[in-house]
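One structure is given below, encoded as structure tokens.
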Amino acid sequence: MQTFGFLGLGIMGAPMAKNLLKAGFAVTVWNRSPEKCAELAALGATVAATPAEVTGSCAITFAMLADPAAAEAVCFAPDGALQGIGAGRSYVDMSTVDAATSQKIGAAIAFKGGRFLEAPVSGSKKPAEDGTLIILAAGERELFDEALPALEKMGKKCLFLGELGNGARMKLIVNMVMGGMMTILCEGLALATKAGLRSSSLLDVLDSGALANPMFKLKGAQIAQGNFAPAFPLKHMQKDMRLAIALGDDLGQPLFAAANANESFKKARALGLSDEDFSAVFQAISS
């Protein structure tokens with residue numbers, strides 16, 4: 001059985017790596033905070049001391065890291081992933097980063113003789129646990145095909161989007177739309193409350209017609225309950241909104257609604273809500 005590497009065992013990475021183990025794959029893991037490896041080790045994973053040890057011992061290594069800075073740090077550190085890369089070694093970065101970061105990492109991997117695929121995911125904690133993420137891959141098609149048996153244990157749909165950078169762009173656009181949807185939902189809930197209407201009634205109306213969608217149904221109920229336990233931390237949503245707006249700047253595309261939504265997430269971060277779920281933007285909107 002092929003051994004896969006996995007770097008980054010946060011809210012998303014840990015359940016994704018678990019799904020590989022549950023599928024019967026051998027998995028070697030690393031995390032910046034070593035204590036997060038214990039649960040995976042108990043399930044049979046091998047724990048490595050450095051990212052380089054993982055990439056040097058596994059034909060394909062997956063990475064799921066917080067942001068562009070973390071993705072670069074794990075790749076380019078003295079004992080980072082790049083140090084273990086060579087012929088016969090491949091790197092699949094599933095982090096949400098901008099296209100430039102993905103292309104920088106991909107070029108470095110190729111220079112060392114390895115292969116690279118970006119594969120950011122659409123979905124949060126529960127889809128990661130259930131193996132129902134949507135995987136947005138781009139880069140080397142041959143590597144995508146080879147990694148597909150593992151990707152299919154982490155996601156319900158695996159798309160190959162062509163040249164490197166397309167996966168990163170698609171993920172930012174998807175999250176931009178999701179952030180905009182969340183802010184308008186929160187504005188609606190806040191307005192309904194101030195108008196003397198029950199939030200549950202608004203959610204019932206939304207769920208009964210053309211505006212029905214799983215996010216409004218799930219997050220609306222959690223917001224009404226004051227439950228902001230992080231499935232997708234707000235700080236990561238604001239990062240993605242910022243990167244999407246930067247993409248718009250690069251391409252000369254006006255993003256009026258996204259820019260306004262981003263301001264609400266920035267306010268929420270200023271209120272100390274960074275580590276809450278991204279639905280906690282409601283607290284900034286309703287204050």
Side-chain angles (χ1 to χ4, degrees), residues 4 6-23 25 27 29 31 36-40 42-43 45 62-67 92-96 119-137 150-159 167 170-186 189 199-200 203-204 206-207 211-241 265 268 273-283:
F4 292 108
F6 207 101
L7 309 177
L9 302 175
I11 288 175
M12 298 291 289
M16 292 164 70
K18 284 181 189 177
N19 283 332
L20 294 179
L21 288 164
K22 290 175 184 176
F25 294 115
V27 183
V29 300
N31 192 73
K36 290 188 177 181
C37 297
E39 186 177 3
L40 277 297
L43 294 174
F62 299 96
M64 187 62 170
L65 304 160
D67 52 31
V92 181
D93 196 344
M94 306 186 78
S95 316
T96 298
V121 304
S122 180
S124 57
K125 182 180 179 181
K126 186 65 164 58
E129 292 171 343
D130 295 342
T132 57
L133 296 165
I134 300 169
I135 297 172
L136 309 171
L151 294 174
E152 288 179 333
K153 300 304 179 183
M154 296 184 277
K156 66 178 181 179
K157 190 176 185 69
C158 302
L159 299 171
M170 182 67 81
K171 174 59 190 295
L172 294 178
I173 294 167
V174 168
N175 275 16
M176 180 190 78
V177 172
M178 183 167 65
M181 288 175 63
M182 178 56 72
T183 56
I184 198 63
L185 172 64
C186 290
L189 289 169
S199 60
S200 58
L203 293 171
D204 190 21
L206 293 174
D207 195 47
L211 295 175
N213 67 79
M215 189 183 80
F216 281 7
K217 186 171 185 175
L218 173 64
K219 295 299 184 180
Q222 292 177 342
I223 291 167
Q225 297 164 5
N227 176 10
F228 301 108
F232 178 34
L234 186 144
K235 62 187 177 186
H236 295 330
M237 173 54 82
Q238 195 275 313
K239 175 261 296 181
D240 293 347
M241 295 294 290
F265 285 105
L273 302 172
S274 290
D275 293 322
E276 300 292 330
D277 189 74
F278 80 108
S279 59
V281 72
F282 174 77
Q283 298 179 57

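All of these numbers come straight from a predicted model, not from anything done at the bench.
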Residue pair [X] / [Y], side-chain heavy-atom distance below 4.5 Å:
X: L206; Y: N213; value: no
X: I134; Y: K156; value: yes
X: L185; Y: F282; value: no
X: M94; Y: L151; value: yes
X: M182; Y: F278; value: yes
X: T183; Y: F265; value: yes
X: L273; Y: Q283; value: yes

How many angstroms lie between [atom1] in [X] and [atom2] in [Y], if you round to the nearest 0.5 Å?
X: S124; Y: L218; atom1: OG; atom2: CG; value: 7.5 Å
X: F232; Y: N175; atom1: CZ; atom2: CG; value: 4.5 Å
X: M16; Y: L133; atom1: CE; atom2: CG; value: 5.5 Å
X: M215; Y: M181; atom1: CE; atom2: CE; value: 4.0 Å
X: E276; Y: K235; atom1: CD; atom2: NZ; value: 11.0 Å
X: M237; Y: M178; atom1: CE; atom2: CE; value: 3.5 Å

Where do [X] and [Y] come nearest, in terms of heavy atoms and distance?
X: A221; Y: L203; answer: N-CD1, 3.8 Å
X: A119; Y: I135; answer: CB-CG2, 3.9 Å
X: A150; Y: F62; answer: CB-CZ, 3.7 Å
X: T96; Y: D240; answer: CG2-OD1, 3.3 Å
X: P120; Y: S95; answer: CB-O, 3.6 Å
X: K125; Y: P230; answer: CD-O, 4.3 Å

In sequence, state the C-alpha distance, the side-chain angles, and the governing distance for V121 and M12, and then conclude on side-chain contact (heavy atoms from CB on, under 4.5 Å). CA-CA 10 Å; V121 304; M12 298 291 289; 3.9 Å; yes

Would you call the rings of F4 and F25 parallel, tilted or perpendicular, taking 30° and 60° as the class edges?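 Correct class here is perpendicular.
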
With no hydrogens and no angle check, is any side-chain donor or acceptor of N19 less than 3.5 Å from a backbone partner on A128? yes

Is the backbone N or O of L40 less than 3.5 Å from a side-chain atom of K18, with the two atoms forming a donor-acceptor pair by type?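 Checked: no pair found.
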
F228: which of D275, L234, I223 passes side chain to side chain contact (heavy atoms under 4.5 Å, CB included): I223

Counting only heavy atoms not in M170, do more than 12 fall under 6.0 Å of its CE? no

Pair D277-K219, side-chain contact (heavy atoms from CB on, under 4.5 Å): steps then yes or no: CA-CA 10 Å; D277 189 74; K219 295 299 184 180; 3.0 Å; yes

